[in-house]
Undergrad: 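There's a structure below that I have some questions on.
Proteins get letters first, then strands, A, B, ... in listed order; numbering begins at 1 in each.
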Amino acid sequence: MSQPNQKYEESQLYRIRHSAAHIMAQAVLEFYPGTKYTIGPPVENGFYYDFELPEQITQEDLEKIEKRMRQIIAGHHEFRKEVISADQARKVFEDQPYKLELIEGLEKGGLDEYGEPLDVKPEISLYRHDTFTDLCRGPHVENTKQINPAAVKLMSIAGAYWRGDEKNKMLTRIYGTAWEKPDDLKHYLKMLEEAKKRDHRKLGRELEIFIFDDEVGPGLPLWLPNGGILIEELEKLAKEMEERAGYVRVRTPNLSKEDLFVHSGHLPYYAESMYPPMELEGVKYYVKPMNCPMHHKIFAARPRSYRELPLRLAEYGTCYRYEKSGELFGLMRVRSMQMNDAHLYVAEDQFEDEFMGVIGLYHEYFKLFGIEKYVMRLSLHSKAGLGKKYVDNERLWLKTEDMVRHAMTSHNVPFVEAQDEAAFYGPKIDVQIWSVIGREFSLATNQVDFAQPARFDLKFVNKDGREEMPLVIHRAPLSTHERMVGFLIEHYAGAFPVWLAPEQVRVIPITDAQNEYAVQIESQLRAEGVRAGADLSSERMNAKIRNAQLFKVPYMLVIGANEAAAGQVSLRARDGSQQNNIPLGEFMARVKDRIIRRAADL
RNA sequence: GCCCAUGUAGCUCAGUCGGUAGAGCACACCCUUGGUAAGGGUGUGGUCGUGGGUUCAAUUCCCACCAUGGGCUCCA
């Protein structure tokens with residue numbers, strides 16, 4: 001959703017939204033004199049503007065701001081651009097410290113309004129309309145009459161750090177949305193409504209997949225039986241795929257002595273997101289935030305030969321990370337997580353094959369799940385972060401980043417690059433996806449690690465009998481169970497394919513007289529490994545169907561006197577399709593086929 | 001962690017301008033035995049997020065905390 005789209009920046013819609021942001025800023029300044037204004041760009045579905053306000057505002061205040069915006073729009077004001085010198089700009093914005101800071105950045109050349117480096121030193125320009133003047137490079141509409149006032153709406157108030165840095169002051173951000181036509185706005189609001197219906201937090205409760213409990217703690221999900229089934233099916237899938245790809249499975253404890261994380265180098269980079277240590281008999285123990293150091297220990301357990309490489313150690317390891325309270329988000333961001341983890345120990349000349357093998361695994365999974373909307377992102381280090389966020393070895397950073405870039409390019413896998421997104425030990429390919437409410441997450445990840453092998457003194461004996469250091473690939477194609485299930489709930493809107501569905505078949509007797517037959521069918525299905533249940537409640541058949549439908553059970557077997565007498569079933573699928581009087585064996589074959597093939601169709 | 005908002009039954013919500021609360025669904029029981037998305041009745045269920053304060057009296061007002069939601073920051 002926030003995928004780069006060059007056309008958007010050139011579109012009329014972009015101009016409308018950018019201009020709406022200016023108009024909103026004008027209205028806010030009128031209502032709240034003394035407001036310091038900062039920046040207000042268009043974003044994917046609208047725009048925002050960040051202010052430092054002299055007083056707090058609430059959701060209700062948005063109405064009057066919105067009303068005033070419509071008046072301003074109705075004034076048919078022209079947007080006028082003016083190119084000026086830095087000194088002139090400083091004069092215009094003498095009361096506006098944030099603008100002065102921006103002018104500083106522009107003048108030095110180098111920094112745009114987000115503090116991002118620019119290639120060329122930009123000209124300094126103003127855009128004026130009505131009484132409002134902003135430091136701005138445009139573009140805008142020519143006249144406010146090009147904005148349809150009925151297609152503009154203010155959405156929400158939020159906090160945002162100045163320049164996105166949590167050390168800076170928290171500003172007030174107002175989000176709005178704007179469209180070319182009122183119908184587009186209506187459509188967008190409708191989409192938001194629809195998205196809410198497939199929110200995994202809502203469906204997770206309705207479909208009895210998981211809950212959170214205050215006494216257990218935030219970010220610590222409890223998996224209900226239906227969630228347990230989803231997890232086990234995913235795990236089964238992962239094991240099959242990994243076995244085929246030559247992985248071996250290991251198991252490691254949930255906690256270890258502090259020494260391990262000192263050794264791995266995690267503590268200085270990671271301590272903040274780790275649960276605090278527990279101390280026993282003078283020794284500190286941590287619950288593990290990741291599995292890699294333990295896997296490294298397994299690699300180092302005895303001398304290794306090049307003949308063993310690549311060595312692929314896999315584990316669904318449960319990790320605990322103390323994510324900051326505001327970062328928690330349903331299942332997508334939790335504090336206890338089961339990672340689809342593996343570490344591949346490879347010689348340098350095996351790197352590309354292995355790295356791309358993992359990417360291949362991604363593609364296989366995504367095809368199976370029908371996941372099409374994602375972006376692969378090459379996450380790079382930043383020079384400024386060396387020694388702080390990132391291991392201080394620029395040479396190896398550049399080298400490994402190049403290796404990944406080369407591997408991806410030569411295999412024609414599309415990707416984007418992003419600065420300052422790497423792991424502390426190396427660059428990675430992250431697969432970015434979006435939750436239904438539009439929040440971006442990394443689903444899968446495929447990481448290079450040049451730092452930990454050195455710290456753990458990992459080595460293998462090469463062909464020439466000399467010791468060599470392996471590279472490590474950290475990978476999690478199925479993410480964590482938590483995030484993956486959260487994502488899949490939304491992806492399928494809760495209507496899981498048969499192989500994943502917690503309840504695959506529900507038998508619905510029409511009257512009590514068929515209860516016995518229903519139970520008999522249920523147990524036959526179960527005997528064949530099909531997850532079936534019989535609804536023996538005293539509801540009417542219609543209500544039983546409704547309940548099964550609400551639970552998104554793929555198959556309903558409706559049986560009345562006729563079916564019982566003939567030893568047959570009537571099938572109603574989740575999609576409403578119906579097939580009457582079929583032999584149970586025929587239905588059984590169909591279900592088992594879908595399960596074995598992990599088919600998407602019913 | 002930061003900004004803002006919210007917190008009433010398992011769920012979705014109403015309500016009390018301070019006198020300890022109500023609906024629908026769910027659940028239990030009874031009646032109903034019905035052909036592809038809700039049959040009817042009765043009933044159970046809440047120290048109104050938690051802890052303080054003000055008050056004769058607090059679910060309601062004030063404060064703190066906790067949790068959740070929308071963002072920011074961060075991330076599998």
Side-chain angles (χ1 to χ4, degrees), chain A residues 48 50 53 56-60 155-175 196 199 201-202 205-206 208 211-215 217-219 272-273 289-290 317 319 321-334 337-341 379 389 421 423 428 430-433 437-445 447 474-484 486-487 508-515 537-550 556-563 570-574 576-578 580:
Chain A
Y48 68 78
D50 285 348
L53 292 160
Q56 270 179 20
I57 64 166
T58 65
Q59 193 72 28
E60 285 90 74
M155 302 297 284
S156 60
I157 299 176
Y161 298 107
W162 166 235
R163 286 199 148 142
D165 188 332
E166 63 181 325
K167 289 185 204 76
N168 288 342
K169 195 170 175 106
M170 177 71 67
L171 305 166
T172 302
R173 174 172 297 180
I174 302 177
Y175 279 98
K196 274 190 200 148
D199 190 314
R201 293 166 296 182
K202 178 176 153 70
R205 190 178 52 239
E206 290 173 359
E208 297 184 8
I211 55 164
F212 288 97
D213 182 279
D214 275 4
E215 280 190 64
E272 264 192 29
S273 12
M290 64 274 305
C319 298
R321 296 182 185 174
Y322 197 79
E323 306 291 359
K324 292 191 225 161
S325 55
E327 290 165 351
L328 300 174
F329 177 75
L331 282 182
M332 307 289 257
R333 193 74 183 278
V334 292
M337 67 208 83
Q338 304 159 67
M339 308 185 78
N340 173 226
D341 216 352
S379 302
K389 280 169 80 173
E421 294 284 356
K428 54 181 179 162
D430 290 316
V431 178
Q432 300 303 108
I433 50 103
I437 67 160
R439 201 172 291 184
E440 180 177 352
F441 290 94
S442 293
L443 190 69
T445 186
Q447 318 179 338
H474 304 236
R475 43 112 278 179
L478 287 184
S479 191
T480 61
H481 278 321
E482 288 71 18
R483 190 170 285 181
M484 194 69 195
F487 174 76
I508 297 176
I510 293 177
T511 75
D512 288 354
Q514 289 85 47
N515 279 3
S537 66
S538 66
E539 291 292 344
R540 299 176 71 199
M541 176 209 55
N542 302 283
K544 293 183 186 181
I545 288 176
R546 179 168 190 268
N547 289 336
Q549 202 74 51
L550 289 176
M556 284 153 259
L557 296 182
V558 180
I559 52 170
N562 299 339
E563 287 82 358
S570 285
L571 168 65
R572 179 198 159 101
R574 185 172 56 201
S577 66
Q578 229 174 295
N580 291 336

Undergrad: Base, sugar-phosphate or nothing for A:Arg540? Non-hydrogen atoms, less than 4.0 Å.
TA: base
Undergrad: Given that A:Asn547 and A:Arg205 both sit by RNA chain B, which one's nearest nucleotide is further toward the 5' end?
TA: A:Arg205
Undergrad: For A:Asp199, what residues pass the side-chain hydrogen bond (donor to acceptor under 3.5 Å, both in side chains) criterion, not counting sequence neighbours?
TA: A:Arg201
Undergrad: In whole angstrom, give me the gap between the P atoms of B:C63 and B:G24.
TA: 36 Å
Undergrad: Could you check if a side-chain atom of A:Ile508 sits within less than 4.5 angstrom of a side-chain atom of A:Leu557, using non-hydrogen atoms only?
TA: no
Undergrad: Would you mind reporting whether A:Lys324 and A:Glu166 have side-chain heavy atoms less than 4.5 Å apart?
TA: yes
Undergrad: Which part of the nucleic acid, if any, lies within reach of A:Ser273 when heavy atoms closer than 4.0 Å are counted: base, sugar-phosphate only, or nothing?
TA: nothing
Undergrad: Among all residues two or more places apart in sequence or in another chain, which pass the salt bridge (Lys or Arg N to Asp or Glu O under 4.0 Å) test with A:Asp50?
TA: A:Arg173
Undergrad: How is A:Gly164 classified with respect to the nucleic acid when contacts are heavy atoms under 4.0 Å: base, sugar-phosphate, or nothing?
TA: sugar-phosphate
Undergrad: Determine the Euclidean distance between corresponding P atoms of B:G45 and B:C29; express it in Å to zero decimal places.
TA: 16 Å
Undergrad: Could you measure between the two P atoms, the one in B:G69 and the one in B:C11, and give it in whole Å?
TA: 14 Å
Undergrad: Using the test side-chain hydrogen bond (donor to acceptor under 3.5 Å, both in side chains), find all partners of A:Ser537 that sit at least two apart in sequence or belong to another chain.
TA: A:Asp535
Undergrad: For atom P, what is the distance between B:U60 and B:C74, given to the nearest Å?
TA: 39 Å
Undergrad: Distance check, P atoms only: B:A38 and B:G43, in whole angstrom units.
TA: 26 Å
Undergrad: Looking at every strand, decide which applies to A:Ala561 at a 4.0 Å heavy-atom threshold: base, sugar-phosphate, or nothing.
TA: base
Undergrad: Once Watson-Crick and G-U wobble pairs under 3.5 Å are found, how is RNA chain B written in dot-bracket notation, 5' to 3', with | for any base paired to another strand?
TA: (((((((..((((.....[..)))).(((((.......))))).....(((((..]....))))))))))))....
Undergrad: Could you check whether A:Asp341 gets within reach of a base, just the sugar-phosphate, or nothing at all, counting any heavy atom under 4.0 Å?
TA: nothing
Undergrad: Touch check for A:Ile508, heavy atoms < 4.0 angstrom, all strands: base, sugar-phosphate only, or nothing?
TA: nothing
Undergrad: Using a heavy-atom cut-off of under 4.0 Å over every strand shown, decide if A:Lys196 touches base, sugar-phosphate, or nothing.
TA: nothing
Undergrad: Once you apply a heavy-atom cut-off of 4.0 Å, does A:Asp165 come out as touching a base, just sugar-phosphate, or nothing?
TA: nothing
Undergrad: Assign each of A:Glu421 and A:Ala160 to its nearest nucleotide of RNA chain B by heavy atoms, then name whichever residue's nucleotide is nearer the 5' end.
TA: A:Ala160
Undergrad: Base, sugar-phosphate, or nothing: which does A:Gln514 touch, judged by heavy atoms less than 4.0 Å apart?
TA: nothing
Undergrad: Using the test ring pair (Phe, Tyr, Trp, His ring centres under 6.0 Å), find all partners of A:Phe441 that sit at least two apart in sequence or belong to another chain.
TA: A:Phe329
Undergrad: Identify whether any heavy atom of A:Ser325 sits under 4.0 Å from a base atom; if not, whether one sits that close to sugar-phosphate; answer base, sugar-phosphate or nothing.
TA: base
Undergrad: Run the side-chain hydrogen bond (donor to acceptor under 3.5 Å, both in side chains) test against A:Ser325 and tell me which residues pass, sequence neighbours left out.
TA: none
Undergrad: Could you give the distance separating B:A14 and B:G22 at their C1' atoms, to the nearest angstrom?
TA: 7 Å
Undergrad: Could I get the full list of side-chain hydrogen bond (donor to acceptor under 3.5 Å, both in side chains) partners for A:Glu323, not counting sequence neighbours?
TA: A:Arg333
Undergrad: Rounding to an integer number of angstrom, what distance separates B:U6 and B:G49 when you compare their P atoms?
TA: 13 Å
Undergrad: Could you tell me if the side chain of A:Ile174 sits less than 4.5 Å from the side chain of A:Ile57, heavy atoms only?
TA: yes
Undergrad: Which whole number of Å gives the distance between the P atom of B:C31 and that of B:C48?
TA: 38 Å
Undergrad: Once side chain to side chain contact (heavy atoms under 4.5 Å, CB included) is applied, do any residues pair with A:Gln59, and if so which ones, sequence neighbours excluded?
TA: A:Leu62
Undergrad: Any base atoms under 4.0 Å from A:Ala543, or only sugar-phosphate, or nothing? Heavy atoms, all strands.
TA: sugar-phosphate
Undergrad: Of all nucleotides in RNA chain B that come within under 4.0 Å of a heavy atom of chain A, which is furthest toward the 5' end and which toward the 3' end?
TA: B:G1 to B:A76
Undergrad: Report which part of the nucleic acid A:Glu272 touches: base, sugar-phosphate, or nothing (heavy-atom distance under 4.0 Å, all strands).
TA: nothing
Undergrad: If you look at every strand shown and take non-hydrogen atoms under 4.0 Å, does A:Arg321 touch a base, only sugar-phosphate, or nothing?
TA: base
Undergrad: Would you mind classifying the nucleic acid contact of A:Asn542 as base, sugar-phosphate or nothing, using non-hydrogen atoms under 4.0 angstrom?
TA: sugar-phosphate
Undergrad: Can you tell me if A:Gln432 and A:Ser442 form a side-chain donor-acceptor pair at under 3.5 Å?
TA: yes
